[in-house]
Participant: 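One structure follows; several queries about it will come next.
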Amino acid sequence: MNGVMGVIFASDNENKLNELTIHRTTASLPFCGRYRLIDFTLSNFVNSGITQIGIVTRSNYSSLMDHIRMGRDWDLNRKNGGLSVFPPFVLNSSREMYKGKIEAIYSIQGFIRRSPEEYVLLSNSNIAMNIDFDEVMAAHLAAKADVTMLVHKAKTTTSRRLVVETQDGEVKDLYISVTPSSEDKLLGLNVYLIKKDLLLSLVEHEYARGHVDFEKDILMKQLGSIKMHPYLVKHHAAIVDDVRTYYNESMKVLDPAVREELFYGDSIIYTKVKDSVPTLYKENACVKNSLIADGCEIDGLVENSILFRGVKVEKGAEVRNSIIMEDGKVMENGSVCYAITDKNVTVTAGRTISGYESYPVVIVKDKTV
Amino acid sequence: MNGVMGVIFASDNENKLNELTIHRTTASLPFCGRYRLIDFTLSNFVNSGITQIGIVTRSNYSSLMDHIRMGRDWDLNRKNGGLSVFPPFVLNSSREMYKGKIEAIYSIQGFIRRSPEEYVLLSNSNIAMNIDFDEVMAAHLAAKADVTMLVHKAKTTTSRRLVVETQDGEVKDLYISVTPSSEDKLLGLNVYLIKKDLLLSLVEHEYARGHVDFEKDILMKQLGSIKMHPYLVKHHAAIVDDVRTYYNESMKVLDPAVREELFYGDSIIYTKVKDSVPTLYKENACVKNSLIADGCEIDGLVENSILFRGVKVEKGAEVRNSIIMEDGKVMENGSVCYAITDKNVTVTAGRTISGYESYPVVIVKDKTV
Amino acid sequence: MKSRNKKECVAMLLAGGQGTRLGVLTHDVAKPAVPFGGKYRIIDFPLSNCINSGIDTIGVLTQYQPFELNQYIGNGQPWDLDRLSGGAYVLPPYVKGKEGEWYKGTANAIYQNINFIDRFNPEYVVVLSGDHIYKMDYDKMLAAHKAKGADCTIAVIGVTIEEASRFGIMNTDPDDRIFEFEEKPKQPKSTNASMGIYVFTWSVLRQYLIDDEADPKSQNDFGKNVIPKMLADGKKLYAYRFQGYWKDVGTISSLWEANMDLLNASSGLNLNDPSWKIYARNSAEPPHFAAGSAEIQNSIVSEGAMVLGSVKRSVVSHSAYIGLGAIIEDSVILPDAVIKAGAVVRHAIVAEGAVIGEGAKIGETQKAPVKGEWQIAVVGPGVKIAPSVVVAPAEMVKEDK
Amino acid sequence: MKSRNKKECVAMLLAGGQGTRLGVLTHDVAKPAVPFGGKYRIIDFPLSNCINSGIDTIGVLTQYQPFELNQYIGNGQPWDLDRLSGGAYVLPPYVKGKEGEWYKGTANAIYQNINFIDRFNPEYVVVLSGDHIYKMDYDKMLAAHKAKGADCTIAVIGVTIEEASRFGIMNTDPDDRIFEFEEKPKQPKSTNASMGIYVFTWSVLRQYLIDDEADPKSQNDFGKNVIPKMLADGKKLYAYRFQGYWKDVGTISSLWEANMDLLNASSGLNLNDPSWKIYARNSAEPPHFAAGSAEIQNSIVSEGAMVLGSVKRSVVSHSAYIGLGAIIEDSVILPDAVIKAGAVVRHAIVAEGAVIGEGAKIGETQKAPVKGEWQIAVVGPGVKIAPSVVVAPAEMVKEDK
């Protein structure tokens, strides 16, 4: 895959993730106990030999910068290629934030043009999956496609998703759906493989006409004029675009089969190494059906939950159906149920946080309840 | 020096550097043929064992990010400490740029507080010198100072400089001078060593009252209340704050004695390694009193000049008393005299660029003359 | 112009021989590469101590096939040892002159690498052992060495008078200057046991190594030859008193005990210390999973592990699997080991990649543990125990059974 | 779940013996560490070729004291070889069994490191030499190897029929399959000279190495034993034709010539190639300085050098000093060498840190050069030549004079 460079959009849909992205981009959203969402895309890229990677940020990207450092944990601290992070400005010296993917690509066209690779893989950062892009490239070449778009089979919900209708293995129609469907459809994963020159000429053309939406202003418009090939991702693929999907997709990972597909597939999923100690279970620990990261101390009950690194659950405390992010603390006899607590949240002794499966409560970073 | 962290302000005075900082911060201003200004401060820090370093940017920092990557060339790609680059926003989520050093420090107070070091070294990035900060610390402790400020002996010019008046080895008075002096004075180098707690409490106090200028609102105001110790830098120290000082300070480096002090003193000066080939002198080369970086090809005349990496001087071309930055090209019979050409400037065949010693002409990046 | 490779202090880590007292655990790997504490290897402790103490140039002296250590250490990145100059170097005895020779003793091992040390032109050399679990700031010891103007400083730890006869004992004057060194004395005069950690002024040690090598009667050992010779010559040797947890893990039972010490806050072995992290090469595994059927108490469990059974007072390392109904008590399960459904493991160490078949019984399955009488069963790396097979207490299983 | 250490292809770099033909230049360092081209060392070429070809795991086999190479390679960062897994490893012959032995031949050197290679479980192994200057994409050669389903692919370069009898010659059928290999044939049947670069399918080579080692009559050499045996067995060996500059720099005159080739665009040796950079450990020096008195033409000069005299048709390496009135012609001045005022150096190599006294005359100071009759004088590393001393053409100076 020496001929492919990667471009990751660090921010997308973050409005709907509200409290969880106040302090961070979607890319750096914690996921699965020790990861950030972007780890999956970065790791898939690296494992497929894509080592020239640009990340376009939009705002709140301190946590992202802190997480990726210069890519050492992904083996991306390279002399040629490696990671380039682009600040959220349109062009270099302006202070205007970019508005859509077209504008974002336009603003880094110099970087894309200068890179020696012939192809570009575009990806959002709100996807968790484990995939070998070598196979995507092989399919792209076999189909003689201009654009290959990754799709998976799923039902539409109220989230904004791109529905892909195909005929004879080619994309026939594309539209955005925001209404729930009863049956599986092919939904776009916002990952595209395309030749660099084609991408840049399409982007330049549309940007010059004031268009910014890649899906609407390029893909839908080019239907019929360029050959679009759908590549079906059969393994588990999670798209996180609001608090509900974040919660649901997190809980799915408690299923060993899903974990197998996400973590033991083609790619090793790397993340920032934090050198935590293993988790300590104390006298009164009772942990069931839960995913527990390193560095926790558990002396209470944990059930159907995900604990990130450094979480403390004290004696008599109960955590059920919840996601407790890094350094969270549930003190004696505290109780957390159907909740997502962001980093460094403390639930003081005896307090209760409780939401509903369909509406998990979110506690923002650094809060003490 | 395990107890000292460093904070570098990447942008200062850049208004006066006009054309040279359109595309970059002062910190990433090319200097001495293969360096950027910030290399000196970073290398002095690293050589003195200061490895927890924050860089506060202000704008146009893409070239800075590209230059420092994650600090690998300075051995700063570390698990604990290393480089942290802070975007130019006041606090995390705002879009307002910081206004003065006080605001900049305030905006990264979390980083400063969390770092385990007891002391902070504050430095602008427009200084080129070679210094051992261990000695500064020893002097600071010996003097039982609250703040140690680095000073050197020089005449004031029309540049804005902090004049330091001393009595019995202590700072007695501080004021800003913008008028030329006939005799040497002690001028501040904008490098300060101070205890973290003291710095943060001073900054908090002034910031809460709307003050932003570190020198005026903290140092001058605290005269008499805290103990300020001047540390005299005896070796060559260059301060670059406008095009004229940039030109003059560059030309000084043609003097072997100055080079000895800058490059063969306490610190090894590191920079981003570019793996250029050695410079090729061709049949008609004639090079006198000039500093020539790697990767050049010279077939013409070069005199009293500095050539950065990858510069080409073709047959019959003449370069005199000039600074030609990276990838500059002077084509056949072209002539450059008293000029500073930014990166990738081409002087086409037969053309002449000529300024005056007191007013060197500046040709902006990527221009073809 | 100064030398660009100079280091004030270089560490030399004596990674030891084949560690025969650890039996099957060191059959294929050098002792420092033995796993510890769920996600570490023994060598992570001295390496992390070095980098935390500001020492970034380390020679790892191993008698053994160097490849495993070479690969584990790699570019040194996990320990922040991927420096522009310096880093960690694995130094097996190499062939020179006609054929080359094994490291004859601890002093000879350093002697054979004088050229390596000289390349960094250090003022001091720290000599460390590769089979101790402890956290220590060598920089403080170095500062003491400098302050005393010592030729050699030896770290000592207080032991009980009963234990003292099992150690090398340093007898010191009130200023901590060592006037006598006794190896395992029957009648110990003090309780300052050597921890096998030395700071030497390199110019002094260098000459002693050359002289020691020239002495055909010498065993080329620090404790037996070099230190006594330095004392006899009136060199300035000082003891540096260390407070804190320190354990030699050169035997099965001490290795097991040190693992158990992690479960016990009062043991003094606390790795959850942000100011003194112990680094390890990361296994890139997801968090561990406790299934609905899991019962885990008083134990530590690391990343990538999958627990369906019951785990009490045990260490479960990364990527280990504990099947449904399996019972793990007072045991250490090393990385990638698989304990199948219904197996019982008590007072045992199950090594990397070992597979315990369904319903097998490993170790003490009857008696309750009595302190000091533990008998630890060991199942070797990759060994497969068939279903329902019984492995006796203290048994060491080298082959499939 | 896949193996996390697997590499498709591992490179083994035969860094050779003491390189006696290079005389004083390799007295203290292994041949691959000899400086070249102003800022490089010979080993930079194969290392850079590897990383540019996507091979990030390299074993460097050296007979010699490994410390200099160990330190030069360090964590591999200059060549982008500081990878999380893989990187460059210096592998001297180490002691095993009773004592250990020198690498007996090229094949034995790889044989002794089978365990190293096995740790990465590669499908292919590239075997390289450490004394050639060239730029080559091994990935293309590997692709050809795979496309042919070959057991072994050998890179060949076209030479003249006169030169052919100095090389190992591969006789091939039209499909480039090798049917015969002749070492320095008197009557060469073709002009395909082996470049000493092999791609092997590891499983095949591994077995051949084991068999070769078991054969007491074998010299354990690729060219003499392994390749002929594979041909005899009917294995699939293919030639891979290389176009471009390639030079063995195993002798003083060829090393000097290769340096001179850098000054001559028509030689085909162009290092100023952004798509195929040659990396080197950087010396962190400021740009070089040409003084007002300097005269430099048809030469290359590297960072940190200081030129006050006259330099013609020469290579001046980093940190070298050429004094006032000194004359350097047709010569190679290695790093840190000092040529004092008024000295004359012609047709010579002045090694690292050598000091040529004022007015000394080194090498051919009379005759104009005649191609093919160059006689290169060599002043060894650190050697000091006193003022006004004369060193004759072709003289090799080992000691101060």
Side-chain angles (χ1 to χ4, degrees), chain B residues 31-35 39 43 47 72-75 77 128 130 253-256 258-260 262-264 267-299 302-312 327, chain D residues 36-40 44 48 74-75 77-80 82 259 262-265 269-274 276-308 311-321 335:
Chain B
F31 193 64
C32 282
R34 71 186 291 250
Y35 301 92
D39 292 342
S43 299
N47 282 289
R72 196 159 71 143
D73 288 314
W74 296 265
D75 222 13
N77 51 341
N130 191 315
V253 178
L254 294 179
D255 177 350
V258 168
R259 254 185 354 264
E260 187 68 27
L262 262 189
F263 294 107
Y264 301 104
S267 294
I268 299 169
I269 307 300
Y270 298 108
T271 186
K272 183 177 181 183
V273 172
K274 295 217 174 162
D275 300 293
S276 315
V277 298
T279 279
L280 180 64
Y281 287 79
K282 296 187 171 175
E283 190 67 35
N284 308 295
C286 177
V287 179
K288 307 282 183 190
N289 192 40
S290 294
L291 203 56
I292 315 285
D294 268 8
C296 297
E297 273 187 37
I298 305 175
D299 205 16
V302 179
E303 209 173 59
N304 309 323
S305 293
I306 296 174
L307 305 194
F308 282 67
R309 290 187 270 214
V311 168
K312 284 191 177 55
D327 296 327
Chain D
F36 178 80
K39 64 180 288 190
Y40 306 96
D44 291 330
S48 301
N75 69 350
Q77 191 267 349
W79 305 271
D80 225 18
D82 53 337
N259 272 287
L262 288 170
L263 309 179
N264 180 2
L269 177 56
N270 173 23
L271 302 187
N272 198 357
D273 176 357
W276 203 267
K277 280 191 177 177
I278 303 301
Y279 303 103
R281 188 167 282 276
N282 192 277
S283 56
E285 293 283 338
H288 73 263
F289 183 69
S293 53
E295 289 266 3
I296 315 172
Q297 282 105 29
N298 297 314
S299 295
I300 63 176
V301 182
S302 194
E303 287 167 343
M306 177 105 167
V307 180
L308 285 78
V311 175
K312 306 273 161 72
R313 299 176 302 282
S314 292
V315 171
V316 177
S317 304
H318 71 81
S319 317
Y321 176 88

Participant: Could you grab the distance from atom CD1 of B:Ile298 to atom OG of D:Ser299, nearest 0.5 Å is fine?
Facilitator: 11.5 Å

Participant: Between B:Asn304, B:Asn289, B:Leu280, who has the most heavy-atom pairs with chain D when the cutoff is under 4.5 Å?
Facilitator: B:Asn289

Participant: Taking side chain as everything from C-beta outward and backbone as N, CA, C, O, which of these in B:Glu297 sits under 4.5 Å from a heavy atom of chain D? Side chain, backbone, both or neither.
Facilitator: side chain

Participant: Hey, does B:Tyr281 have a side-chain heavy atom less than 4.5 Å from the side chain of D:Ser314?
Facilitator: no

Participant: Any side-chain to backbone donor/acceptor pair from B:Lys288 onto D:Ala294? Under 3.5 Å, distance only.
Facilitator: yes

Participant: Can any side-chain N or O of D:Asn298 pair as donor or acceptor with the backbone N or O of B:Glu283 at less than 3.5 Å?
Facilitator: yes

Participant: Specify which of D:His318, D:Glu303, D:Met306 makes the most heavy-atom pairs with chain B at under 4.5 Å.
Facilitator: D:Glu303

Participant: Whether the side chain of B:Arg34 engages the backbone of D:Ala284 through a donor-acceptor N/O pair (distance < 3.5 Å, no angle test) should be reported.
Facilitator: no

Participant: Can you name the closest pair of heavy atoms from B:Ser290 and D:Phe289 and give their distance?
Facilitator: O-CD1, 3.2 Å

Participant: Please check this pair: side chain of D:Lys39 against backbone of B:Asp275, looking for a donor-acceptor N/O pair closer than 3.5 Å.
Facilitator: no

Participant: Picking from B:Ile306, B:Leu254, B:Leu307, B:Asn284, which has the most non-hydrogen pairs under 4.5 angstrom with chain D?
Facilitator: B:Leu254

Participant: Nearest 0.5 Å please: distance from the CG atom of B:Asp294 over to the NE2 atom of D:His288.
Facilitator: 8.0 Å

Participant: For the residue pair B:Tyr264 and D:Glu285, establish whether any side-chain heavy-atom pair is separated by less than 4.5 Å.
Facilitator: yes

Participant: Can you tell me which of B:Gly295, B:Gly33, B:Ser276, B:Cys286 forms the most heavy-atom pairs within a distance under 4.5 Å of chain D?
Facilitator: B:Ser276

Participant: What is the distance from atom CD1 of B:Ile292 to atom CD1 of D:Ile296, rounded to the nearest 0.5 Å?
Facilitator: 8.0 Å

Participant: Between the side chain of D:Asn272 and the main-chain N/O of B:Val277, is any donor-acceptor distance below 3.5 Å?
Facilitator: no

Participant: B:Pro278 versus D:Val301: any side-chain heavy-atom pair under 4.5 Å?
Facilitator: no

Participant: Find the one option among D:Gly304, D:Ala291, D:Pro286, D:Ser302 whose heavy-atom pairs under 4.5 Å with chain B are most numerous.
Facilitator: D:Pro286

Participant: Are the side chains of B:Phe308 and D:Pro287 in contact, using a 4.5 Å heavy-atom criterion?
Facilitator: no

